[in-house]
Structure formats: structure tokens, C-alpha cells
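A short worksheet on the structure shown next.
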Amino acid sequence: MADTALLGSSGGGFPRPGGTAVVPRAGRWRGAGFWLVRRIGSAVFVLWAVATLIFLAIRLIPGDPAEAIMGGPGSQASAAALEAARAEYGLDEPLWVQYLSQLGRLATGDLGTSYALKVPVVQLLADQLPGTLGLAVGAWVLAWILALGLALWSGLGGRGAAVVGSALEIAAASVPHFWLGSVLVLLFSTAWGWLPPVSNGSAAGLVMPVVTLALPLAGFLGQVMRESMLTAMNSPFALSAHARGESESGVVLRHALRHAALPGVALSGWALGSLVSGAVVVESIFARPGLGRSLLQAVTLRDVPLVTGVALVSALAYVVVMAVSELAERAIDPRTRDR
Amino acid sequence: MGNASTRRAGTLRRRPRAGWLRAGNVLPAVAALTALFLVLAALVPGWLAPADPLAIDPVAAFRGPSGAHWLGTDESGRDIYSRIVHGARPSLLIGAAATALGLGLALLLGLAAGLGGRWLDAGVGRIVEVLLALPGLLLALVFIALAGPGVATTIVAVGLSTAPGYARIIRTQVRALRTSPMIEAARVLGHSPARILARHLLPNALGPVLVLATLGIGQAVVWASALSFLGLGEAPPAPEWGAMLAAGRTYLGFAWWMTFFPGLAIVATAASSTVLGRSLQRRAVGA
């Protein structure tokens, strides 16, 4: 998380996968096709690597997977029951057979069966995904609105606004979700009784989770957006726009805003990570069903298939978001198009 | 970095006025004082809070903030202020250890990618990409699911999840240094690669790494406390901020201080590390 501050000033000095590819100028289609193939290849690679890492980690870390299936080390399952579990989940086969058969199942979209709930992982994920998706998208939109607004106000409102704005951003970025959520419940439910303390499916129940998830993200985004916008305002092209007689607000709207949005777009992959991490905490605070809460339960029960499933979904989301953000970056910033 | 010259040219338009109301002065000073207090609390908690953080006094349970108990008491009558002060040590230790681990790993990856050939660079880039695809808390949770909860797991989990971001920045830094005239001169003079690495590359890459560490400790503290808040880190009777906050949530309705103040300590730690890190960073860039 901490690297965002540096990314903001250096504009992400590292080449993004695909970003350094030499796109043939003749024939846009060939360029786009090449880009798509690269993207899909990189997505498949990331998913394969995540699955392999988790597979290896399970086998390297001491502990009997069969015991986890039977309810963890405290369950005192009989030797026969353990043996049956081993046979059922194929744990008695050689490692490479297990590995290949797991990859084969993953390739066909079969994520296995949850140890704890004895339900297909895919079904669990499909049930939990919409809740988390709604929460995360809502928070992302709100964070962008807040961050852009804050960046504009504190970047252009003079010295006082800059101090207040930057303090607000740092405070928002430093607030952990679990504390922010508790304080909001304290104020809006316990003290004033305006909003329900737990998510009950109503629109009012969604307000606090979304705000809790959005504020820290808005703080981070606001910091990098303001920095990028100030750099743009102090750049030669802003000076020449001023010299042409464009008004301050014209320069801001036509030039600075675009530059404020850029690091926000570039940090989309990171923002997604922050939202996923945050969703685990927020869903647990507000007792909201979703991927984060299932993940937490799965971790406590050491339900490896479910944990793997959530990790794969999250990695897939990351790959997709990175691809979309790269496209968006090209649309916003002409300089990135001919790379 | 090339930023400095463009920035200096830019001050034609907005020259920062001298005066006390400048983000550049006020925030770092406040942050430095906060950090000093936290470090003192971690080193010599007895000086700042003489009371025993574990002493139970059932008669004084759920007392609000007062002269006797500055920040109130918890459900067993333990003094919240003492518990927060004594909680600084585990929190900062976990944060520092995790940051050190993450940076160490990142230094290895970053140096390998920055100094090695094209293939090594591409390989490390792939590893970093995979690690980045798993968001911090998720990576930590996966690790805990496999290794079981505990302080050591927390440190490794948080360190592991911060490493990829650092690795990318260090790689960029090393790449830039590698082609710099200074290194070229050293190479022309016939210095051995080991000597160039030790005398030129590492000292120059270390500045940004220190900035990263300052920025990172606060975040690592937040993540570690998030894990104990979720019940996967330090267990409740120990004075740990995240665990205290989680315990307080049960009594949120009538004992807000049990939740509010431990959280404030976490926020103060994270904010002061961010402010200090950024002012160090600004100084390093020379703007």
C-alpha cells in the first residue's frame, strides 16, 4: 500500500506488461489482436501461478490435509475416517498426479468442494460474489468522486485549502477500515440512530459499508491525484494555455483534471486490492454476506478449497482490471498510445 | 531524479511563501512528536504509563475517561491508557519486522531484476506480478489459512504482501543507477562488480529504501492490527491495539472509549509514518 506515494510522483516508472510492446503502426487490428493475446496469456499465467503456489504451499507446510477436511486438528477423527477422506479427495495419490488432476479440474472451472460446507466452491462463490461486487463498485465510485473533489479543492483553493486538504487525505488514508466502521456505527447507529448497524439488505444498510470502504481509498487517490494535478498546473503546457488567455478554470478543466485522473486510473489494480482487503474487514464488521466474510470463515476453518477459490477470483479480477485500466489510460493520455 | 529540474522551473508560478502555515512544516513536526511518543512507549512503557496493563479491577469496569483513568477502563477494569502505551511495543515490533522482511525480500528481487539480464528481469517481473495480483490482506489470509494464526505468521504474511510493491520501486531505482555516469565511471576505472555494488549501488539505492521503510511501517502496523482485529493475530488479554478494538466492539453501545482510543493509536501511527516518510521523500528528491 505504501508504494502509492512514490508511484504518484514518478508516474509509475516501471513498464507495465504489454505496455512496452511495440505495436505495429500499420493495421490497428493486428496491434489490438496482439495486445489481447498478450493479455489473455498473462491472465492464464497469473491464475496458473496462483493455483500452483497455493498447491505447493499446502504440501510444504506441515499438517495433514485430511485432518483439515475432517474439521481441523481438534476434531480427533478416527484413522479410518482420515483414510476415507484421503481416498475421497485423492490425497493418497503421488503429488504430481494430484497436481495435474487439480490443474485439469481448475481448467474446466471446477474449483473443488468446500471442506467445511461440503458444497461446490463455484456455487459458494457465485452466491457471494454479487454482494461484494455491489459493495466494491459503490465504494470505488464514491472514492473517485471524493478524491477528485478533494484534489481540485485543495489543489486550487490556495494555501489554507492545501494544508487542510492534505491533512484530510493523510487522515483518511491512515484510518483502518475496522476503526472507521466502528466509529461510524457509534455515531450513526448508537448515538443518533439514523442507520442500521448491520447490513439488512436495505439501501440504508449499504450506506455505512460503502462509506467505510471508500474513505481510505479516497485518501490515497486524493494524494496522488493532487500531486499529479499540481505538476500539470506547473508544466509548460499549462503556462502556454494561460498565456493564450485561457481562464484558470478552463486550464483546470481542460488540462489539469485529465492529469489528476491519470494516476487514479494507473492505480486501479492497487485500488482493487485495497477494496478486496477492505471488503474482508467491512463485511465482517457489518455482518454482510459476501466473498470477504466467506473467506474469513474459510481461513478460520482452514477450508483450503474455498480459500483457493477466493484467491483465484480475486486474481482474475485483478488481471481484468489491469487490462481495462490500461485501455482507459490510453484513452485519457495520448502520450501512452504510441508506446 | 529528473523531476527536480521541471519542478524548480515550475516555481515561477507558485512560489511557496515563507510562513508558519505550510504543510511542509506543521505536519512533519506533529508527526515527529507522535513518532517520538510511540517509540518511547515501545521502549520504556513504564515511564509513560506506570499502571499495569493487565491488572484487573472489576469494581472499576467500564469507567469512562476521567482523572484516574485518562482513557477509561475496559470490561475487567483494566486501564485503557496503560494498555495502549504497552501495546505500542508489540505493534511497532510486528510492523518493523514485517517491513524489514518485506524490504529484504524486495531488495533481493529488485537487485536481481535491476542488475541481471533480460531473462532474470522478466522472470522477477512475473513473480512480482503474481504477488501483486493477490491483494495484501488476501495474501496474508491465504498464508494464515495454510500456516495457522500467530505472531510469526502475521510478520511473514504482512512482509510477504508488502514485498512486491517495494521490489518494483527498487528495480526502477537500480535500473536508473546502473546506466548513470557515476557507475559508468567506476566501471571504466576497472572496479569490480562487487565493489561497484557495495560502494555505489547499494548506498544510493538505500535512501529510497529508507523512505519506503518509513512509509511502510505505519501500513504494516495497520495490517497487523487488522489481522488481530479479525481474530487471527495476538489474542485478547495481551495489550494489542487491534485485539483491544475488537474486544471493545461488543460494548460499543455504552463504552465507546474501548473502541475509539485503540483505533486512534493505530491512526496516529499510520499517519505519522506517512507524513514523515513523505517529508523524507520530498527532501530526497530535492524539491
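Excluded from the calculations below are hydrogen atoms, water molecules and symmetry mates; all remaining heavy atoms, backbone and side chain alike, are included. Note that this is a predicted model, so its numbers are computed, not measured. Residue numbering restarts at 1 for every chain, and letters A, B, ... go by the order of the sequence lines.
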Inter-residue atom distance [X].[atom1] - [Y].[atom2], 0.5 Å rounding:
| X | Y | atom1 | atom2 | result |
| --- | --- | --- | --- | --- |
| Trp179(A) | Leu245(B) | CH2 | CG | 9.0 Å |
| Leu137(B) | His177(A) | CG | NE2 | 10.0 Å |
| Ser182(A) | Trp256(B) | OG | CH2 | 14.0 Å |
| Leu141(B) | Ser277(A) | CG | OG | 8.0 Å |
| Leu230(B) | Thr300(A) | CG | OG1 | 9.0 Å |
| Met322(A) | Glu129(B) | CE | CD | 7.5 Å |

So what's closer than 4.5 Å to chain A heavy atoms on [X]: side chain, backbone, both or neither?
| X | value |
| --- | --- |
| Leu232(B) | side chain |
| Thr259(B) | both |
| Phe260(B) | both |
| Ser272(B) | neither |
| Leu264(B) | both |

Going through the distances and angles, do Leu134(B) and Tyr318(A) end up as a side chain to side chain contact (heavy atoms under 4.5 Å, CB included)? CA-CA 8 Å; Leu134(B) 291 175; Tyr318(A) 175 84; over 6 Å; no

Does any backbone or side-chain atom of [X] lie under 4.5 Å from a heavy atom of chain B? Answer side chain, backbone, both or neither.
| X | answer |
| --- | --- |
| Val183(A) | side chain |
| Ile285(A) | both |
| Ala173(A) | backbone |

Could you go through Ser174(A) and Gln219(B), starting from their C-alpha distance and side-chain angles, then the distance that decides it, and tell me whether this counts as side chain to side chain contact (heavy atoms under 4.5 Å, CB included)? CA-CA 8 Å; Ser174(A) 311; Gln219(B) 278 309 312; 5.8 Å; no

Kindly write out the residues that satisfy salt bridge (Lys or Arg N to Asp or Glu O under 4.0 Å) with Arg178(B), not counting sequence neighbours, or none if the list is empty. none

